[in-house]
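Just the heavy atoms: all of them, side chains too, but no hydrogens, waters or symmetry mates, feed the values below. Note that the coordinates shown come from a computational prediction; the quantities given were computed from them, not determined experimentally.
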Amino acid sequence: MNRQHMGIVFGGILLLVVAMGISRFAFTPILPFMRRDVGFSLEVAGFLASSNYIGYFIGALWAGFIYRQRKKLLLASVVFNVLSVGLMGLIELYSVWLVLRLIAGITGGLIFVLTSSIVMDYLAKHSLSRWSGYVFSGIGLGIAISGLCVPIIEAKFAWQGTWLGLGILSAVLLLMTTILWKGLEAKDGLKVAKSLDTKMTKGFMPWLIVSYGLEGLGYIITGTFLVDIIHNIPSLQAYSSYSWVMVGLAAIPSAPVWTVLLEKFSAIKILFVAYIFQVIGILLPVFSQTVWSVLLASFLFGLTFVGIVTLTTSYARQFFPTQSGFVVSLLTTFYAFGQIIGPIVAGKLVEVYSSYKAALVFAGVIVFLALLVMVVGRWLTVKKEAVAEQSISI
């Protein structure tokens with residue numbers, strides 16, 4: 001791993017800090033301050049979040065069909081993403097916010113898929129695929145940065161200044177990446193001829209896709225409303241921002257840690273553990289509202305959601321090594337579709353039951369269902385393959 005390789009990986013990390021940690025997830029710690037000053041409901045917040053996730057769905061799907069000029073399109077997407085963040089603090093119109101969050105989502109989906117595929121392809125070319133998981137630590141780093149910066153900036157410049165400050169920070173990170181990636185040549189992707197070996201509707205892949213989509217639906221409820229939930233518990237209000245920092249700090253090392261485990265154990269076993277931990281993290285605040293239980297829930301959530309992203313994309317790429325861009329795009333599209341539904345359902349549940357607990361129970365059940373789909377799908381696939389091999393030998 002020489003200096004150039006490290007620069008490419010670090011540049012990828014910074015882009016995910018911008019697109020995921022700031023543009024996408026900074027909304028979570030800023031939300032309580034916006035709701036306090038503007039006065040909109042949790043249901044309205046759910047629509048704002050879903051606008052972003054609809055955009056993410058579009059961007060992720062679009063990225064799967066981009067084969068040429070990937071680097072230029074990626075960097076152009078980052079520019080628009082940064083502008084969408086800064087403008088959130090300059091314009092105070094709900095209709096415009098919906099559009100800005102949509103733009104942030106579209107560009108965020110493009111950035112995530114293109115960054116992941118470009119870096120994965122680069123590392124594979126240099127026989128360094130084991131380092132690919134480190135790129136996803138940018139998600140956790142960005143969350144930690146937003147969790148630390150939001151309360152500090154908001155205390156002096158209100159929520160409007162917070163969006164502006166994060167926009168400026170994102171612009172600086174974009175400049176750093178441009179310098180680090182100066183020598184990077186992202187070759188045009190190749191359209192792989194369709195065959196039985198490239199068909200993604202066979203074997204375990206469809207089960208993995210459905211499971212990942214359900215994960216997107218379940219995890220995003222905590223990912224969107226965690227800080228606001230804690231902020232509205234009087235005894236824990238002072239710890240709401242710290243909870244998001246804890247999510248980020250746990251997420252930073254999770255990608256490389258889960259990647260190392262992937263080299264020693266089967267992906268299904270590690271994903272099983274990750275899903276169980278995540279269900280515990282989501283449901284813990286339902287049963288206990290102490291400082292330590294909330295921080296533990298935040299830690300488990302941060303440890304697992306980035307890990308599940310890392311493990312699933314890395315595992316799927318093993319099945320289709322020549323189609324990294326399309327594989328990441330396909331998985332992320334279903335993941336994003338789940339995320340569109342999650343905040344809307346959560347907002348409705350909170351309105352109906354006047355409590356966040358119903359939303360968290362729903363999220364926990366959905367994530368557990370994602371685990372069941374994955375496990376059952378793997379069992380049926382292995383059984384089917386064994387029968388097929390036995391018939392061939394006969």
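With Gln339 as the partner, the side-chain hydrogen bond (donor to acceptor under 3.5 Å, both in side chains) test is satisfied by one option alone out of Tyr219, Tyr56, Tyr53: Tyr219. Applying the side-chain contact (heavy atoms from CB on, under 4.5 Å) test between Leu174 and each of Asn81, Val79, Leu169, Val18 identifies Val79 as the sole match.
Checking side-chain atoms of Trp159 against main-chain N and O of Glu154 turns up no donor-acceptor pair under 3.5 Å. A donor-acceptor distance shorter than 3.5 angstrom exists from the side chain of Trp97 to the backbone of Ile91, with no hydrogens or angles considered. Lys348 contributes no side-chain N or O that, together with a main-chain N or O of Pro343, makes up a donor-acceptor pair within less than 3.5 Å. Under the 3.5 Å distance criterion, the side-chain polar atoms of Ser117 are matched with a main-chain donor or acceptor of Leu114. Formation of a donor-acceptor pair under 3.5 Å by the Trp258 side chain with backbone atoms of Leu303 is found in this model. Formation of a donor-acceptor pair under 3.5 Å by the Ser211 side chain with backbone atoms of Ala370 is found in this model. A distance-only check finds no donor-acceptor pair linking the side chain of Ser288 to the backbone of Leu284 [under 3.5 Å]. Panel note: side chain Thr304, backbone Leu300; a donor-acceptor pair is recorded below 3.5 Å. For the pair Gln289 (side chain) and Pro285 (backbone), a donor-acceptor distance under 3.5 Å is present.
Within 6.0 Å of OH in Tyr242 there are 12 or fewer heavy atoms belonging to other residues, nucleotides or ligands. Within 6.0 Å of atom CZ in Phe334, 12 or fewer heavy atoms from other residues, nucleotides or ligands are found, so the atom counts as exposed in its surroundings.
You'll find the side chain of Ser51 stays beyond 4.5 Å of the side chain of Ile54, heavy atoms only. Phe277 has its side chain out of reach of Ile282: every pair of non-hydrogen atoms, C-beta onward, lies at least 4.5 Å apart. The shortest side-chain heavy-atom distance between Ile230 and Gln237 does not fall under the 4.5 Å cut-off. Within the 4.5 Å cutoff, no side-chain heavy atoms of His231 are placed close to those of Arg36. For the pair Met205/Val327, a side-chain contact is recorded, criterion being any heavy-atom separation below 4.5 Å from C-beta on. Within the 4.5 Å cutoff, the side chain of Ile118 has heavy atoms near those of the Leu184 side chain. Counting heavy atoms from C-beta on, the side chains of Arg101 and Met88 come closer than 4.5 Å. Residues Val38 and Tyr94 have side chains not in contact (no heavy-atom distance under 4.5 Å, counting atoms from C-beta outward).
One distance of note links CG of Leu48 with CG of Leu100; it measures 10.0 Å at 0.5 Å rounding. Atom CG of Leu98 sits about 9.5 Å away from atom CZ of Phe47, to the nearest 0.5 Å.
In plain terms, the two heavy atoms of Leu166 and Cys149 that are nearest each other are CD2-CB, 4.4 Å. Taking every heavy atom of both residues into account, Ser116 and Phe136 meet most closely at OG-CE2, 3.7 Å. Here the closest non-hydrogen pair linking Ala267 and Tyr315 is CB-CD1, 3.5 Å. Residue Ser254 comes nearest to Gly307 through the heavy atom pair OG-N, 3.9 Å, listed as atom of the first residue, atom of the second, then distance.
A salt bridge is defined here as a Lys NZ or Arg NE, NH1 or NH2 lying under 4.0 Å from an Asp or Glu carboxylate O, and Arg70 with Asp121 meets this definition.
By the criterion of side-chain heavy atoms lying less than 4.5 angstrom apart, applied directly or through intervening Ile, Leu, Val, Met, Phe, Trp or Tyr residues, Ile153 is not grouped with Ile22; the two fall into different hydrophobic clusters. Hydrophobic clustering (side-chain heavy atoms under 4.5 Å, transitive across Ile, Leu, Val, Met, Phe, Trp, Tyr) keeps Leu164 apart from Phe80. Under the 4.5 Å side-chain heavy-atom criterion for Ile, Leu, Val, Met, Phe, Trp and Tyr, Val99 and Leu110 are members of distinct hydrophobic clusters. Leu90 and Leu102 end up in the same hydrophobic cluster when Ile, Leu, Val, Met, Phe, Trp and Tyr side chains are linked at under 4.5 Å. In the hydrophobic clustering of ILVMFWY residues, with side-chain heavy atoms under 4.5 Å counting as a link, Leu61 and Ile103 come out apart.
At a cut-off of 3.5 Å, with distance as the only test, no side-chain donor of Thr332 or Ser329 sits close to an acceptor on the other residue.
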Ser77 vs Thr107, test: side-chain hydrogen bond (donor to acceptor under 3.5 Å, both in side chains). Steps then yes/no. CA-CA 5 Å; Ser77 297; Thr107 53; over 6 Å; no
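For Ala144, the side chain to side chain contact (heavy atoms under 4.5 Å, CB included) partners at least two apart in sequence or on another chain are Leu249, Ile252. Every residue two or more places apart in sequence or in another chain was checked for a salt bridge (Lys or Arg N to Asp or Glu O under 4.0 Å) with Lys269, and none qualifies.
In this pair, Phe305 and Phe301 present their aromatic rings parallel. The plane angle is below 30°, not in the 30 to 60° band.
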